[in-house]
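This is the structure, below, for whatever I ask next.
The chains referred to below are lettered A, B, ... by the order of the sequence lines, with proteins before strands, and numbering in each begins at 1.
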Protein chains: 2
Amino acid sequence: MPVRRREKTGKSDRPVTSFISTYENKVDRKGRVSVPAAYRSALGTETYQGVIAYPSLTEGTIEAFGRGMLDDLNRRKLDQTLDGGDFTQALVGKSDDGLVETINAISSELPFDGEGRIILPAKLAEHAGITDRATFVGRGTRFQIWAPEIYEKHQAAEVEALRARLSGGTVV
Amino acid sequence: MPVRRREKTGKSDRPVTSFISTYENKVDRKGRVSVPAAYRSALGTETYQGVIAYPSLTEGTIEAFGRGMLDDLNRRKLDQTLDGGDFTQALVGKSDDGLVETINAISSELPFDGEGRIILPAKLAEHAGITDRATFVGRGTRFQIWAPEIYEKHQAAEVEALRARLSGGTVV
DNA sequence: TGGAATATCATGGGTATTTATGGGAGTCAA
DNA sequence: TTGACTCCCATAAATACCCATGATATTCCA
């Protein structure tokens with residue numbers, strides 16, 4: 001039995017899943033959309049077959065990642081508090097800034113169907129302005145789901161801002 | 001090398017049950033309300049088929065979790081005391097002492113009926129201002145039951161506070 | 001090396017199950 | 001009896017599960 005040294009830090013042995021590149025997929029009449037196969041295989045190590053998603057607090061997009069990420073957050077929080085004998089937070093949830101708790105509240109569990117699709121809840125789709133197409137954008141440890149038109153503009157602006165900042169130098 | 005002693009920490013191997021997302025369900029004439037299926041399956045590993053609930057000490061909502069969580073709390077508290085927790089408490093001056101005991105006292109066991117519903121005791125419903133609808137809010141290791149109108153306002157304020165704090169980056 | 005056989009993927013649609021919800025019949029106690 | 005509560009059943013809607021297809025990409029082998 002491998003020795004695990006997680007009781008102090010609450011850090012898990014879960015490998016870092018990496019989401020890279022962008023894909024544009026269709027959203028069908030039932031609200032289903034295929035999660036890019038590359039993303040699914042990045043999530044392959046997780047037991048829960050699906051993703052966690054919530055509306056971005058700062059942009060018109062959907063944030064998403066594996067269930068393992070959220071479990072890590074919750075476990076870390078619980079262990080930290082109880083190990084310190086701090087029952088108050090575990091029971092009342094006060095001393096925290098509310099971030100983890102809020103994320104739990106506004107997140108949705110989106111399980112894969114047999115074909116690796118998820119159903120976009122109406123609320124999320126609406127928040128991102130998604131109707132019949134969705135752009136998946138890899139952001140390393142997480143990914144985003146945009147309405148294609150909106151993402152294009154957003155992306156162009158992002159590049160433009162970078163270019164302006166790097167004027168004279170090389171554009172990355 | 002430190003050997004992990006479960007008896008010391010009181011930590012259980014119970015997996016972190018994660019309550020995620022929010023659901024709004026009806027409360028019928030008999031005071032029954034369906035616990036979201038996702039929450040029930042999160043509790044699936046527990047022997048006791050039902051939830052533990054108590055009025056929040058700080059807000060107008062009902063706090064709830066599985067029996068396993070309460071057992072964990074009691075066990076940790078016991079371990080703490082046996083390990084000289086009184087001593088620790090005297091030194092650190094933690095005021096958690098009465099909390100766990102109080103929670104035990106004011107908690108209700110709400111068993112599921114055949115359809116996965118619980119009956120909201122009048123006192124709890126009243127405390128939360130719940131009449132004919134109830135919003136279940138996942139908070140990771142526990143969940144809350146709110147009156148929908150009240151939760152909406154509370155939630156909006158919560159998100160607004162977070163948004164204000166975020167510099168425009170991503171949350172997690 | 002060229003091209004056929006094979007595998008993977010995104011997509012569509014049909015069907016079976018589950019879930020939330022309502023109501024009725026039986027039980028127990030005051 | 002009157003409630004309060006537990007089972008049990010019914011149903012509409014939401015969801016999960018199943019199979020089919022075309023488009024790419026990959027492998028294999030003569």
Report task. Report the distance from atom CD of A:Glu109 to atom P of D:dA16, rounded to the nearest whole Å. Result -> 10 Å

Query raised in the report: Are side-chain heavy atoms of A:Leu70 and A:Phe65 found at a separation under 4.5 Å?
Result: yes

Query raised in the report: Under the 4.5 Å side-chain heavy-atom rule for ILVMFWY, direct or indirect, which residues accompany A:Ile20?
Result: none

Query raised in the report: So what does A:Val27 hit on the nucleic acid, given a heavy-atom distance under 4.0 Å: a base, only sugar-phosphate, or nothing?
Result: nothing

Report summary line: The bend of the helix from C:dT1-D:dA30 to C:dA30-D:dT1, taken between the axes of its five terminal pairs at each end and rounded to 10°, is 40°

Requested in this report: Please list, chain by chain and in numerical order, all residues satisfying side-chain hydrogen bond (donor to acceptor under 3.5 Å, both in side chains) with B:Glu149, sequence neighbours excluded.
Outcome: none

**Report entry** Rounded interatomic separation in angstrom, taking NZ from B:Lys26 and P from C:dA20
**Finding:** 13 Å

**Report entry** Residue pairs involving residues 119-136 of chain A (criterion salt bridge (Lys or Arg N to Asp or Glu O under 4.0 Å); sequence neighbours excluded)
**Finding:** A:Glu24-A:Arg133

Query raised in the report: Once you round it to whole Å, what is the distance between P of C:dC9 and CZ of A:Phe136?
Result: 15 Å

**Report entry** Qualifying residues under side-chain contact (heavy atoms from CB on, under 4.5 Å), relative to A:Glu158, sequence neighbours excluded
**Finding:** A:Arg139, A:His154, A:Gln155

Report task. Name all residues meeting the side-chain hydrogen bond (donor to acceptor under 3.5 Å, both in side chains) criterion together with A:Glu115; count only those two or more places apart in sequence or in a different chain, and write none if there are none. Result -> A:Arg117

Report summary line: Whole-Å distance, B:Glu24 CD to C:dA20 C1', equals 13 Å

Query raised in the report: C:dG14 P sits how many Å from A:Asp28 CG, rounded?
Result: 12 Å

Query - Fellow cluster residues of A:Val137, listed by chain then number, with links counted only when side-chain atoms sit under 4.5 Å apart - result: A:Trp146, A:Ile150, A:Tyr151

Report summary line: Separation of D:dA16 atom P from A:Leu120 atom CG, nearest Å, is 13 Å

Query - Side-chain donor/acceptor of B:Ser108 to backbone N/O of B:Leu110, under 3.5 Å - result: no

Requested in this report: Go through the structure and list residues passing side-chain hydrogen bond (donor to acceptor under 3.5 Å, both in side chains) with B:Asn25, not counting sequence neighbours.
Outcome: none

Would you give me the side-chain donor-acceptor pairs under 3.5 Å for residues 29-37 of chain A, sequence neighbours excluded?
{"unit_1": "A:Arg32", "atom_1": "NE", "unit_2": "A:Asp28", "atom_2": "OD2", "d": "2.8"}
{"unit_1": "A:Arg32", "atom_1": "NH2", "unit_2": "A:Asp28", "atom_2": "OD2", "d": "3.1"}

Query - Contact list for DNA chain C against residues 122-135 of chain B - heavy-atom distance below 4.0 Å - result: none

Report task. Spell out protein contact along nucleotides 1-15 of chain D as letters: B when the base is contacted, S when just the sugar-phosphate is, - when no protein heavy atom is under 4.0 Å; keep the 5' to 3' order. Result -> -----BBBB------

Query raised in the report: What residues, two or more places apart in sequence or in another chain, satisfy side-chain contact (heavy atoms from CB on, under 4.5 Å) together with B:Pro111?
Result: B:Tyr48

